[in-house]
Amino acid sequence: MPEHYEDSRLYRIRHSTAHIMAQAMLERIPEAKIAIGPPIEDGFYYDFDLPRPLTEEDLNWIETRMKAIMREDHPYTVREVSPDEARAFFKGQPYKLELIDDLQNGRVDDNGNRIAEPADTMTFWTQDTFTDLCRGPHVENTNQINPDAISITYKMPAGAYWRGDEKRQQLTRIYGTAFETSEELQDYLHRLEEAKRRDHRIVGERLGLFTFSQIVGKGLPLWKPAGATLRDTLERWLRDVQIENGYEPVVTPHIGNIDLYKTSGHYPYYKESQYAPIDVDDEQFLLKPMNCPHHIMIYKSEMRSYRDLPVRYAEFGTVYRYEQSGELHGLTRVRGFTVDDAHLFVTPDQLLEEFKAVVRLIQYVFNTLGLTDFRARVGIRDPKSDKYVGNDADWEHAAAAIIQACQEMDLPHTVEEGEAAFYGPKLDFIFRDVLKRNWQLGTVQVDYNLPARFELEYVAADGSRQQPVMIHRAPFGSLERFVGILIEHFDGAFPAWLSPVQALLIPITDRHVPYAQEVAAKLKAAGIRFEIDESKNRMQAKIAAARERHIPWLLIMGDRDQQAGAVSVRLRTDEDLGQMPLDDFIAMAQRVINDKAMALG
RNA sequence: GCUCCAGUAGCUCAGUCGGUAGAGCACACCCUUGGUAAGGGUGAGGUCACGGGUUCAAGUCCCGUCUGGAGCUCCA
């Protein structure tokens, strides 16, 4: 995206193409009500209220008609109109009338705050037979849009609520895109296809990493051995890193008494996104939607001195949230997932340094995996919402600490209202999937509220009782979502240390199988994960199959290798390292694995 | 949750006008023992997602449910 996309020619082309789409729609379905049609990052959309569902034929017709309109050389003209004139023109177009009213009165948000000044005039933009209420700008003539460089993006209409409000009319949205040259369009469409091929739901299925069962339930992933191996490897690594950094393991159960969540303040706010309570002996239990209350109860189980702090409790804790069915998505949005959770209990003096140490740990995790394509977001309260607990002073302190830490660490970040947790502000690390959808992974949250609500304390140096501050943090966020993003990041070709199968042994003929088994015994002793392909297939077929699984090292062995006590090593990158003494291969593989290296040799 | 689309073998898909189901891959067995991107043959595998309806007859048409997909909304 250019630096000033909104000033670019591409932006005007896309905006103008959206108007042409609306014109074509009104020609196809004259009763259509038109809503809005803005440019977006990779194209544009237009929302319509239609009397019937659209068909693929409709979309093809509209696309063809759009191209024809472009070739007809219609100028774009603009004129100023009064609100009354605008209303007269758009009689029978309720969405436009609502926009006209808002422009005249000045836009007001849901809380009654003015977000735009009242306007005495507004502008109409016209091309050919179509006029739209629009601030522009547009290209000068439809012939400035290349008909061979536009496309309806999905040959399938999408639903969208009027003004993004699920309580209002649902409209039909058509996405399209436009470029300056057909090469750029083809390139874009090609990249979209490539991205879909990398989708973790497809790659994960093909690699046998996970599956879903209708009987187990939607949004509840089942990890197959290969996926569980990858996940376990990540867990063991992070567990070790955390222990080096002063964390202590804790383990807590999957359910907890509902009173825990009433005390946390969490139950009333998020009641609708939880599984229903479990009734047992006149008590109610919740499948835990978060781990913090359990960890807090461990903190509270002993008298704490300032000398004990920081206390850092870490657990790979599985939580359950009742997500809306339409939001479930592969591994990246599920109903049961494991958080690489930790809760730090610190003195106010320790907060800043501990926060920075946590951010450093998260950066170390991302760097090791080569994940660089993320943004950092400081989420603070929406000042107009009532869905938060606690007092203003604590919220200010917490947000100030987060922002100060980011500045001191030179971490580029945005500050966004309404993105806080209900108990405190947070720093989130957000990644995009192959289709540019945003997913929050790592998170660090500063919390003065739960320590107060649970009456946590420690004995200070002067003997007084003081309240600790909590830091909630999860570098991966959830193992499920993190692995989903990793699959797409690596397109299934994981670094050797994470690969479920690191070496595939390929005996050239049956008589080499015993030698392969000897080799296997040595690999096993060396801690290298392997499989032997003992199928009756020819070596070429074994190699082809292994390539599809992105197995890092292929060890081919025939007479020559057996006689030499060697293996012939081929990398998944197709590089042929030739014959190597087995011990040399093992040493090389161990080095690559221990270094968590990206390269294989 | 909402709108729209889809569901046929383990996977990817074909199946015309309504006339009782097919291919490739994978799997099993046989032949082939081959040195770096898929050798050949044979076979097994199906409640056409599930339930109901229309019909002499339903994979095909209609209704409902479930599951998946796109988008929206939501997301501790």
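Chain identifiers are assigned alphabetically (A, B, ...) following the order of the sequence lines, protein sequences preceding nucleic acid strands; residue numbering begins at 1 within each chain.
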Considering only atom P, compute the distance from B/A23 to B/A9 and round it to an integer number of Å.
-> 14 Å
Over how many whole Å does the gap from A/Arg197 atom CZ to B/C11 atom P extend?
-> 20 Å
Is any side-chain N or O of A/Tyr46 closer than 4.0 Å to OP1 or OP2 of B/G71?
-> no
Under a cut-off of 3.5 Å for both distances of each Watson-Crick or G-U pair, what dot-bracket string does RNA chain B give, using [ ] for crossing pairs and | for inter-strand pairs?
-> (((((((..((((.....[..)))).(((((.......))))).....(((((..]....))))))))))))....
B/C63 and B/U54: how far apart are their P atoms, nearest whole angstrom?
-> 15 Å
The answer to which of A/Asp574 and A/Arg481 contacts RNA chain B further toward the 5' end, by nearest nucleotide, is A/Asp574
Check every strand shown and say whether A/Lys196 touches a base, only sugar-phosphate, or nothing at a heavy-atom separation below 4.0 Å.
-> nothing
Taking the same atom, P, in B/G15 and in B/A49, what whole-Å distance lies between them?
-> 15 Å
Using only heavy-atom distances, determine whether the side chains of A/Gln169 and A/Tyr95 contain a donor-acceptor pair under 3.5 Å.
-> no
State whether a side-chain donor-acceptor pair under 3.5 Å links A/Glu205 with A/Thr211.
-> no
For A/Phe212, report the nucleic acid contact type (base, sugar-phosphate, nothing); a contact means any heavy atom under 4.0 Å.
-> nothing
Atom-to-atom span, CD1 of A/Ile215 to P of B/C66 - whole angstrom = 16 Å
What is the nucleic acid contact for A/Asp165, judged by heavy atoms within less than 4.0 Å: base, sugar-phosphate only, or nothing?
-> nothing
Describe the nucleic acid contact of A/Ala544 in one word from base, sugar-phosphate, nothing, applying a heavy-atom distance below 4.0 Å.
-> base
Starting from C1' on B/C4, measure out to CG on A/Asp49 and report it in whole angstrom.
-> 14 Å
Quick one: label A/Gly164 by what it contacts on the DNA or RNA (base, sugar-phosphate, nothing), any heavy atom closer than 4.0 Å.
-> sugar-phosphate
What about A/Asp559, does its side chain sit under 3.5 Å from the base of B/G35 through a donor-acceptor pair?
-> no
When you compare B/U8 with B/G68, how far apart are their P atoms, in angstrom units rounded to a whole number?
-> 14 Å
Would you tell me if any nitrogen or oxygen in the side chain of A/Ser325 comes within less than 4.0 Å of OP1 or OP2 on B/G1?
-> yes
If you draw a 6.0 Å radius around OH in A/Tyr267, do more than 12 non-hydrogen atoms from other residues or ligands fall strictly inside?
-> yes
Closer than 4.0 Å, any side-chain N/O of A/Arg437 to the OP1 or OP2 of B/G71?
-> yes
Describe the nucleic acid contact of A/Gln214 in one word from base, sugar-phosphate, nothing, applying a heavy-atom distance below 4.0 Å.
-> sugar-phosphate
Please evaluate the base of B/C2 for a donor-acceptor partner in the side chain of A/Gln170 within a cut-off of under 3.5 Å?
-> yes
Below 4.0 angstrom from OP1 or OP2 of B/A70, is there any side-chain N or O of A/Arg201?
-> yes
Heavy atoms, side chains only, cut-off 4.5 Å: are A/His343 and A/Arg473 in contact?
-> no
Do A/Lys300 and A/Leu456 come within less than 4.5 Å of each other through their side chains, counting heavy atoms only?
-> yes
Does B/A37 have OP1 or OP2 sitting under 4.0 Å from an N or O in the side chain of A/Arg570?
-> yes
When all nucleic acid strands are considered with a 4.0 Å heavy-atom cut-off, which category describes A/Ser568: base, sugar-phosphate, or nothing?
-> base
Could you state the CG-P distance from A/Leu192 to B/G71, rounded to the nearest angstrom?
-> 10 Å
For B/A26 and B/U60, measure between their C1' atoms and round to the nearest Å.
-> 28 Å
Separation of atom CE in A/Met557 from atom P in B/U33, rounded to whole Å = 21 Å
What distance, rounded to whole Å, do you find between the two C1' atoms, one in B/G69 and one in B/U55?
-> 33 Å
Touch check for A/Glu56, heavy atoms < 4.0 angstrom, all strands: base, sugar-phosphate only, or nothing?
-> nothing
Are A/Thr338 and A/Thr318 linked by a side-chain donor-acceptor pair shorter than 3.5 Å?
-> yes
Which residue, A/Ile556 or A/Lys218, contacts RNA chain B at a nucleotide closer to its 5' end, judged by nearest heavy atom?
-> A/Ile556
How is A/Arg333 classified with respect to the nucleic acid when contacts are heavy atoms under 4.0 Å: base, sugar-phosphate, or nothing?
-> base
Distance below 4.0 Å between A/His329 side-chain N/O and B/A70 OP1 or OP2 | yes
Reported CD1-to-CZ distance for the pair A/Ile485 and A/Phe431, which is rounded to 0.5 angstrom | 8.0 Å
Out of B/C11, B/A38, B/G71, which nucleotide sits closest to the side chain of A/Glu205?
-> B/C11
How are the rings of A/Phe210 and A/His200 set to each other: parallel, tilted or perpendicular (split at 30° and 60°)?
-> tilted
Do A/Phe422 and A/Tyr388 make the cut of ring centroids closer than 6.0 angstrom?
-> no
For nucleotides B/C25 and B/C72, find the distance between their P atoms and express it as a whole number of Å.
-> 40 Å
Is A/His413 atom NE2 crowded by more than 12 heavy atoms from other residues, nucleotides or ligands, each under 6.0 Å away?
-> yes
Interatomic distance, A/Gln540 CD vs B/U33 P [rounded to whole Å] = 14 Å
Given B/U32, is OP1 or OP2 found less than 4.0 Å from the side-chain N or O atoms of A/Arg538?
-> no
Find the distance A/Asp510:CG to B/U33:C1' and express it as a whole number of Å.
-> 7 Å
Test item: A/Trp395 side-chain N/O and A/Tyr423 main-chain N/O as donor-acceptor pair under 3.5 Å | no
Is the phosphate of B/G71, meaning OP1 or OP2, less than 4.0 Å from a side-chain N or O of A/Arg173?
-> no
Return no unless some side-chain N or O of A/Lys536 is found under 4.0 Å from OP1 or OP2 of B/G41.
-> no
A/Met290 CE - B/C75 C1' separation (whole Å) = 12 Å
Under 4.0 angstrom, heavy atoms only, what part of the nucleic acid is A/Arg511 near: base, sugar-phosphate, or nothing?
-> sugar-phosphate
Roughly how far apart, to the nearest Å, are B/G51 and B/A37 at atom P?
-> 49 Å
Donor-acceptor pair under 3.5 Å, A/Tyr161 side chain vs B/G71 base | no
